[in-house]
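Comments concern the structure below.
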Amino acid sequence: MAQLFSPSSNTIAKVSIAAVILLASTTLSIAYMIDRGSWITNVNSAPEQPIPFSHKHHVKDDGIDCRYCHTSVETSHFAGIPATETCMSCHSQIWNNVAATQPIRDSWASGKSIAWTRVHNLPDYVYFNHSIHINKGIGCSACHGNVSEMPLIYKVNTLNMNWCVNCHRNPAKFIRPRSEVFNVAYQYPANQDELGAQLVKDYHVQSLLDCVTCHR
Amino acid sequence: MDQITKVNENNYELPSAVIPDPGANIVLGGPQDYNSVTQRIAGVVYLPIKKAPKKWLVGAFLSFCFVNVLMLAVYMLFMRGVGIWGLNIPVAWGFAIINFVWWIGIGHAGTLISAVLFLLKQDWRTSINRFSEAMTLFAVACAGMFPILHLGRPWLFYWLLPYPNSMWLWPQPRSPLEWDVFAVSTYGTVSLVFWYVGLLPDLASLRDTAPYLFQRKIYAILSLGWRGSAIHWHRYQKAYLLLAGLSTPLVLSVHTIVSFDFAVSQLPGWHTTIFPPYFVAGAVYSGFAMVLTLIIPLRAWYNMRDLITLRTIEAACKLMLGVGLIVAYGYGTEAFFSWYSGDKYESFMYMNRVTGPYGFTYWLLILCNILIPQALWSQKVRHNLTLVWIISIVVNIGMWLERFVIVVTSLHRDFLPSSWGIYVPTKWDIMTYAGTIGFFMLLIFLFVRTLPSISIFEVREQVHHDLHSQPVEKH
Amino acid sequence: MKELSPSHSNGHMNEHEKPMASALVPLESLLEKPQKKVDLGQLREKLAAGRGPAFWRTLEEAAETEDLKEYVEQEFPGLSGQIPQGVDRRNLLKVMGASLAMAGAAACTKLPKESIVPYVRQPENIIPGEPMFYATAHTIAGYARGVLVESHMNRPTKIEGNPDHPASLGSSTIFEQASVLNLYDPDRSETVLNRGSLSTWGEFTGALSTEAQSIGARKGEGLAILSGATTSPTFISQMNTLLAQWPSAKWYIHEPSANPAVASAAKKIAGRNAVVTYDFSQADVILSLESDFLNSGPASLKYARQFSAKRAIDDGQTPVRYYQVESSPSASGSLADHRFSVKSSSIASIAYQLAKAVGAAAPDVTGTAPAWLNAVAADLSNNKGRCVVVAGEYQPESVHLAAFAINQALGNVGTTVKLLESFMPDAHSIEDLTADLNGGHVEMLIVLGSNPVYDAPASLDFLTAMKKARQTIRLGTYFDETSRWSYWHVPQVHYLESWSDTRAFDGTATIVQPLVEPLYKGKSAHELLSTLLGKPDATPHDLVKGYWQTASPNGFDAFWKTSLHNGVVAGTGAAILNAGSPELSPLPAAEAAEWEITLRPDPTIGDGSWANNGWLQECPKPQTKTAWDNLIMIRPSDAEKMGVHKGDMLKVTVKDKTVTGPVWITPNQAQGSVAIFFGYGRTGSGRVGNKIGYSAYQIQDAAMRFIATGTISKAAGTYPIANTQSTQTMEERAPVRVAEFSEFKEHPNFPTLEEKPLPKSITLYDTSEWKYLDHKWGMTIDLNICTGCSACAIACQSENNIAVVGKDQVSRGRHMHWIRIDQYYSGNGSLDEPETYNQPVPCMQCENAPCEVVCPVAATVHSKEGINQMVYNRCVGTRYCSNNCPYKVRRFNFYLFSDWDTESLKGMRNPDVTVRSRGVMEKCSYCIQRIQEVKIKAEKENNRKIVDGEILTACQQACPTQAITFGDLNDPNSKVAKSAALKRNYNLLDDLNNRPRTTYLGYVRNSNEALRGQRGSNHEG
């Protein structure tokens, strides 16, 4: 009876076994990489903004405090985005004729708000409260990174749940003295473990892991 | 063998039975020889489509229509949500869960026949084990749909799987639904492997005898290079024995765990310790019923009365009768405990089950599952295939009703009278159910056309056994 | 059927969070914006194109063109940049986006690009993202209840009672709670219409001033102004000015649900306009002659509070004894120690007989006294000066006079009964108006608010009369029945949109201040009147402020700020009047009619003005547990006689007029009396309220408005009714536990008498991990003072963004209320007159929660404070938790029930509660958002202790009788801990060992020994 297959098919058969295994594993790893990659999390990618606003310039060079613009960060769940008014308080005098700041003047004239693109965006079922974190010694840079080195603002952390939980499980590793909260260039000291433990006690920081801490 | 390949489609005839119907005393109507067996069984597969029995065509087409009904129902479900079903509070589980349990139950016969009866050296199983294993797989496939379909957000079903995720969350191990995930998937996988391993030698025979080259190539690939050498047979039998041993406990485990979905809750009518054994018995019961429902027409359509003899059917009937009595005992126990426990909720639940708005379903199920099957005590009935066929269908209906009674009547009146309600299935409930039956049947129809629905080599062993009337040694 | 989806905010209210007066400045300034005139010519078609929600989107796109933008700024300031849209939008996105994001709440979800829009000019004293509270008042039928309105970025989201207001005391009714939904109702009328075609306020004022001139020339001849009942000082003074200026003009008042006899009786008693008020805090015995004083009427919240205090039994005092005489079961009646069902029309003679029995002068009446009368009379006479007889809101003058006479005879006047001066103005009635219209005396009819074409008694045939006026102007919130027949329709502002003032039942005035600019540029009656008076530019703010300036000229600014801040104007309470003793005139011989028909406002949608409110439509009627329909209530034995069953159609005929509606067989309905209700059969209310049921006004006869006689007969067909509780017997489960007061004194622990405590070890699961070291939240509900009014349910719906699902879904058993009020009949085994018990059932927050162990994805888990957390975004919807919940308090989103599309509704939602999407389970969370908010607050204030009562759940805050107590069980001094420790505290379905955190206080009936064995006097233990 005639042969159905050429001898080469033996090899093909063997290879195909390996191929299947390989294919499966690579698909999984690729899926995993996409899931955690910056395409999903937007980490390290600075989106287009109506104005090329530079935190580096305003914070590092001009030394403006976070709270000058993000006024409600200590009192509200929402840190606050500066009103056009706030921008105008300087830019009516300085850089008041360059193209870059034109949208501010337009907004001021037209009364139409500037539509910034959200960089740190949480799902709508997550209830994050800035004020309590600030109050308990979690610095801005703990989540937002060192914005004084960012010409354009971008995300340095995924803001995924495991990232939040990581700190909620062990706040001592990320806490800092209240005096340092707004120091975006803050470096954790060598003795963070002792210091952190101490601060956690002083500030009465709890490790809140109940779902309702963030989901309501 | 090569003459088969020379056959010209138009005058190709389905090989006819050696003797029309050998009666109930022998497993295999003789005189058969190895070739005739191969021809007879493989012949069904080679039969050109235009020669296929009208009944097959009609059946396959109808099933296909029902598959489309299923598609429509599922589309609506995903577009609009489980609201299209008759569910409500308090009856938050309905047809989906009933069908799930029903199908899983049906999926029990296959493994039981091929594994347990194999270990028990029941020779009459040879002619139906292949078929019932296939049936098992298809039933499990249907069952497997429902747990996903019945989710409020089916697209998130994978949250029930333990996989590393960026939420740092795992499934909740105390929930029986979580146990289901593993029980059902294990059962499905093992059954598939068992069935496929069993197919290997036959796939090889098909490869060697199929009329067309492309058929041969396909079967060749599927038969994984089986050459029937002694070493192959040796390994084969080891593997088959091992798999049989492996799947035997599964027959018990699957439905035990499915029964936990109910037993673990605190709902009167669900919260019962006898559920595991009683569910397993029920499962085997419906499994055998479904086997009979299917093989009786099959052997008639493809003149296989001498391959699947009355002996097999009668054995199946007796077995069905047996487990049927266990199920009856289960009902009795439920009734007894509702009284003996002295629990006011239990006793109310039972009274409500018997006399409440859904009382008729209970009495119908008693009729279908206990009373009517008693007819099988009589040999006359067992030998009257029409009757056997009807009874087997009645039992299938009865087992479905049993799940309906358990799920719906327990839920609709639980603890607080204020939250009592009523459950009325919608057309979408019915379409989904009918759809899965269509899907199941279509798979069966395709199966008998593409794979040997009776194990060729095992029947040959039987022939060998009959010829030399000395036991075939399997080591 | 249109789905509306509720809600609003985390804020609960306590003293130090009261709005700062300064907070009101931006609001005022907003309203004093100068207005630019824009030519609207070329915009007409564009706008005409879009009515309804689509309108908003069309505008936003079109808003690019400059002139339209200005139009938007002016006509729809709600959309203009002036309202801080940025953060507000973010909050809106917060709710609206929820479903999208939740659709794939797995890690591998790419969040949609979202923009964030800041202010242009940051308003003072608004902290972005933090709610603020403003005090104002909500007016029903002319009488006010003070409210505090929570506002998120200038969006009112939640209404609470104002603790400082005498008619609220911090509680609220379903109507206050639901009024916020009316504000955002997409069906509200949006523009001025002239003969149904689009027009503008400018054109209208033009037309009106020309009219005004000719009217002026005729000294007001032919001018008729129809309004609803009002106590607004500014409005009244405006009217007086108008009437002074144009003496021949006429003012008519039509209030469909107000019974004129109440005022006329009071007038007879006091010799001038007056109101009879009661003080239940002094009363040891209460006899109510068909008064639903705990649940309806302008003072109900105060009465409810006083009543519940008098009914307290736990500190050894003897509770009040309460007799209710009524023809149809009422919320108040469900708490009566003895309830006597009699025909409404026979109450007059009973009152007279009672008057004689207690020694008051009363003419003889025919008919025999009911068996219980003497016992009740004796009970009253033994409590002279410490009892009260309350006359029913819908009873004739004779009953009100008799009741007062009895109170006088018993020396109650001055202690439990007080006669106060009334601020209701004198005006002509709707009957007069119809007569004048038919007589051709009315040139121009101005209808301010009220909707006579729908709700005037049919016998008047008002529409025909109205068509006789040459010019008709309608100021209304909706383009409704009356507007359809008017030449001009002007959209009316919602009370949260404009300045006004109003008075409570006791005269206390409140300045009504707006929370948001008119969403549709509506106008208030003040503006319309001042335009008529030739001052078209006066803003309501000027008018109201102007009035009060003249009222208290010195130190005005301080006065103004305090009045706004407190929500009450100090020293405006009514004076107590001396009562004369009017003669009781003999009763007219009662005509022997087979059937009595009582016509009453609907328990949830009132006189029909609430018909388009989805929350109220879906709120089960307290006495029938049905929603979305008006029914004809009939006594079981009567129904049996007639051979009708639930849902059969019944024809009700009064004189020559007939309506047909579905039967509801109602225990405690009086023999030979059927009850029907106003509010349905509407055609102009909007998508929610239209074309439901019949309109009771169609058989209303001006001569016998609320108690009529007529015939009923079986009609063809049956009708599907949406019923949320089909079984109302207790089936040996004893969910409600009841005892006689005498028994209670003997066994204070009567609810748990038969129960043997279960060993802790009885559960399979390890519960030792739960120590509850920090807080241990718990709730108790006192069944002894629950009237079943459902304020808790609507408050919860508003607080927690609970969706409205519509009649079809409700009838399928899919309503979404997180707290339901179960009603059980039991006791004396009588089908016709069983006792009624109300039982609110929220989530029990079990310590051994059956739902937790069965969820495969851990979407419902225990918190370390003992709350049974439901995580919507983790839920995959197996519904196993609901199956395993013995209390069936879990609700499932079988479809996408929440409305994601209607723009206007997004402003109303509580930004602190996730709006649930399709396929997820939801349930009561003990208002976790409020708990978290206070916890964070306390932590920020150097981790101070949370004060008991600082956290109020929405249901608790609304409850008129304060039946619901919530707090920390770990704090032994907390109210809830004390109440949980009471002997009459018990667990629902305790034998299941779920260890619920929500527990109940048993019901104690204080029956009169002399009436044992009589109707309503049995008990079940």
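Chain letters run A, B, ... following the sequence lines, proteins first, then strands; residues in each count from 1. Since the model is a prediction, treat every value here as computed from it, not as a measurement.
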Go through the atoms of [X] and report whether side chain, backbone, both or neither lie under 4.5 Å from a heavy atom of chain C.
X       : result
N135(A) : side chain
L208(A) : side chain
P47(A)  : neither
H204(A) : both
S131(A) : both

Fill in the blank from the handout: Rounded to the nearest 0.5 angstrom, the NZ-CD1 distance for K155(A) and I153(A) is 12.5 Å
Exercise for the section: Would you please test K923(C) and N868(C) for side-chain hydrogen bond (donor to acceptor under 3.5 Å, both in side chains) and show each step? Expected result: CA-CA 10 Å; K923(C) 68 163 191 73; N868(C) 171 245; 3.3 Å; yes
Completion exercise
Given I928(C), N943(C), I936(C), V871(C), the one with more heavy-atom pairs under 4.5 angstrom with chain A than any other is N943(C)
Problem - Proximity breakdown for S925(C) and chain A, heavy-atom pairs closer than 4.5 Å - result: neither
Handout entry: Which portion of N942(C) sits near chain A, non-hydrogen atoms under 4.5 angstrom
Key = neither
Practice task
Measure centre to centre between the rings of H77(A) and H130(A), then say whether the value is under 6.0 Å.
Solution key: no
Practice task
Starting from the C-alpha separation in whole Å, work towards a yes-or-no answer on side-chain hydrogen bond (donor to acceptor under 3.5 Å, both in side chains) for N893(C) and E922(C).
Solution key: CA-CA 8 Å; N893(C) 291 271; E922(C) 60 183 72; 2.8 Å; yes
Problem - Aromatic Y125(A) / basic R216(A) pairing, under 6.0 angstrom, 45° off normal - result: no
Practice task
Run the numbers on T914(C) and N873(C) for side chain to side chain contact (heavy atoms under 4.5 Å, CB included), then give the verdict.
Solution key: CA-CA 9 Å; T914(C) 310; N873(C) 44 302; 5.8 Å; no
